[in-house]
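First up is the structure itself, then whatever we jot down about it.
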Amino acid sequence: MAHSRHFTIFIVFILCLIIPVTYSLPFIVLHGISDKCSNRGVKKFTNLLSNWSDSQGYCVEIGDGSWDSWVMPLHEQTKIACDKVKNMSELSDGYNLVGLSQGNLIGRGIVEFCEGGPPVKNFISLGGIHAGEASVPLCKTTFICLLADSLMKLGIYSKYVQEHLAPSNYIKIPTDIPAYLKGCEFLPQLNNEIAGKRNSTYKERFASLENLVLIMFEQDSVLIPKETAWFGYYPDGSFDTILPAQQTPLYTEDWIGLKTLDEAGKVKFINVSGGHLDISQSDMKKYIVPYLKDKASSQLATTAGSSSSHRWLSSMRNFFMKLGGSTEDQLLLSVVY
């Protein structure tokens, strides 16, 4: 009997040495406008990040996805997302966040506005509209686009448009800043831009991030200017130049804690080749995956054997990918916003 018990303890001990014990935090993905979690590109994006990082990923949907991403005000979208992350037990110990274009504004809304939500550790932003968008969103001749065009004609900062067209909540016309500050109902609050109404809690929460990864796409023609992905923007009153983030009042006066994060070495400004959200798998592995992995995420006594097995499996995978004409550098996402 005693021998059997000792043998069981021995087996458990050996298993503890052999089996990896992972501590990686889960992550969520917030998609962009006109997209939805069930679409092939977003599903593949989320699954690949999960597989490569050994972290569980969840795409958080708001309403029906594509339609609501256009017509639901961003404050409402943020509230829904906030309620969802608070109700996900998997995120209770904290999580990482990956935002795609418009989804980054909802993500930042979660960080800054979500009272009592679990903490966001690393925020990875792909093509984020952080400092604003200076033009009407790129659109095709679908019903929703015709509706958007009609609403735009009523006045981008009118209350009706602000309540029925999500992109109006972050359109920032540099030559019409007073109207923007008065009428735009989301971005001025998110960026703490309104003098006399700046909220120190928003700044404190945003500055608590462990890492902020800002990915800009070099050939991005959807974001105007593309530097908004790095918090860069036009100066008030002019379209003539583009200020880098470090020369904007948002940064120099540290309205949301971006300067605090940057001076602590926690902001990564990444520039990749490609159009809006056209990111390759190799760039995903290089710039996103490391922030989804816990640095001490696994303990494994049989390191040499494990590494050898991993290399063998990786080699076999690459062989079959090449056999099928697939490459690591294929573009993954190609969606508007």
Side-chain angles (χ1 to χ4, degrees), residues 30 32-34 62 68-82 99 101-114 125 127-139 144-145 147-199 201-203 206 222-239 242-243 245 248-251 253 255-258 336-337:
L30 295 168
I33 202 168
S34 292
I62 297 167
D68 284 330
S69 72
W70 272 98
V71 301
M72 185 183 290
L74 290 186
H75 271 300
E76 289 185 33
Q77 293 194 44
T78 297
K79 184 180 185 307
I80 291 172
C82 170
S101 200
Q102 180 176 286
N104 286 293
L105 297 182
I106 298 167
R108 283 181 53 211
I110 293 174
V111 173
E112 295 181 34
F113 303 154
C114 190
S125 163
I129 316 165
H130 295 296
E133 167 73 25
S135 74
V136 175
L138 180 65
C139 209
I144 184 62
C145 293
L147 176 61
D149 289 340
S150 297
L151 288 175
M152 292 289 188
K153 292 174 183 177
L154 297 177
I156 195 68
Y157 299 127
S158 70
K159 189 169 182 62
Y160 185 83
V161 173
Q162 288 290 311
E163 291 177 352
H164 292 86
L165 190 65
S168 69
N169 294 169
Y170 52 81
I171 297 291
K172 183 178 182 180
I173 308 300
T175 53
D176 201 8
I177 295 300
Y180 160 75
L181 293 174
K182 181 180 179 181
C184 191
E185 295 188 357
F186 187 78
L187 190 64
Q189 182 183 358
L190 187 71
N191 282 346
N192 252 344
E193 293 180 89
I194 304 175
K197 293 185 179 180
R198 295 191 178 114
N199 191 314
T201 300
Y202 301 162
K203 175 180 176 178
F206 190 67
V222 172
L223 301 189
I224 308 225
K226 66 184 180 185
E227 289 81 3
T228 188
W230 283 0
F231 283 91
Y233 211 66
Y234 302 104
D236 291 357
S238 173
F239 281 95
I242 299 171
L243 299 177
T248 65
L250 178 144
Y251 184 98
E253 298 178 22
W255 292 341
I256 61 170
L258 180 63
V336 175
Y337 271 59

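Numbers for residues simply follow the sequence, beginning at 1. Every heavy atom of this structure was used, including side-chain atoms; hydrogens, water molecules and symmetry mates were not. None of the values given here were measured: they were computed from a predicted structure.
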Does some side-chain heavy atom of [Y] sit less than 4.5 Å from a side-chain heavy atom of [X]?
| X | Y | answer |
| --- | --- | --- |
| Pro167 | Glu133 | no |
| Gln189 | Lys197 | no |
| Gln102 | Ile129 | yes |
| Arg108 | Ile256 | yes |
| Leu190 | Tyr170 | no |
| Tyr157 | Lys182 | no |

Shortest non-hydrogen contact from [X] toward [Y]:
| X | Y | answer |
| --- | --- | --- |
| Trp255 | Arg198 | CZ2-NH2, 3.1 Å |
| Gly127 | Asn104 | C-ND2, 4.1 Å |
| Tyr160 | His164 | O-ND1, 2.8 Å |
| Pro174 | Pro235 | CB-O, 3.9 Å |
| Ser158 | Gly155 | OG-O, 2.9 Å |
| Ala166 | Ser69 | CB-O, 3.3 Å |

Item to check | Mutual orientation of the aromatic rings belonging to Phe186 and His75 [parallel < 30°, tilted 30-60°, perpendicular > 60°] | outcome: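 Perpendicular: the ring planes of Phe186 and His75 meet at over 60°.
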
Next on the checklist: Other residues, nucleotides and ligands only: do more than 12 of their heavy atoms fall within 6.0 Å of NZ on Lys79?
Outcome noted: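 Check fails, neighbour count at 12 or below.
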
Working to the nearest 0.5 angstrom, can you tell me the gap between [X] [atom1] and [Y] [atom2]?
| X | Y | atom1 | atom2 | result |
| --- | --- | --- | --- | --- |
| Ile106 | Cys114 | CD1 | SG | 12.5 Å |
| Lys203 | Asn192 | NZ | CG | 9.0 Å |
| Tyr233 | Asn191 | OH | CG | 10.5 Å |
| Leu223 | Thr228 | CG | OG1 | 6.5 Å |
| Ile224 | Tyr234 | CD1 | OH | 6.0 Å |
| Ile33 | Asp68 | CD1 | CG | 11.0 Å |

Checklist entry - After noting the C-alpha distance and the side-chain angles of Lys172 and Ile177, does the key distance pass the side-chain contact (heavy atoms from CB on, under 4.5 Å) rule? => result CA-CA 7 Å; Lys172 183 178 182 180; Ile177 295 300; 3.8 Å; yes

Could you tell me whether the side chain of [X] and the main chain of [Y] form a donor-acceptor pair under 3.5 Å?
| X | Y | answer |
| --- | --- | --- |
| Thr78 | Ile110 | no |
| Glu185 | Gln162 | no |
| Glu227 | Leu243 | no |

Checklist entry - Can you check side-chain contact (heavy atoms from CB on, under 4.5 Å) on Leu105 and Gln77, steps first, answer last? => result CA-CA 10 Å; Leu105 297 182; Gln77 293 194 44; over 6 Å; no

Next on the checklist: Could you go through Asn169 and Leu187, starting from their C-alpha distance and side-chain angles, then the distance that decides it, and tell me whether this counts as side-chain contact (heavy atoms from CB on, under 4.5 Å)?
Outcome noted: CA-CA 6 Å; Asn169 294 169; Leu187 190 64; over 6 Å; no

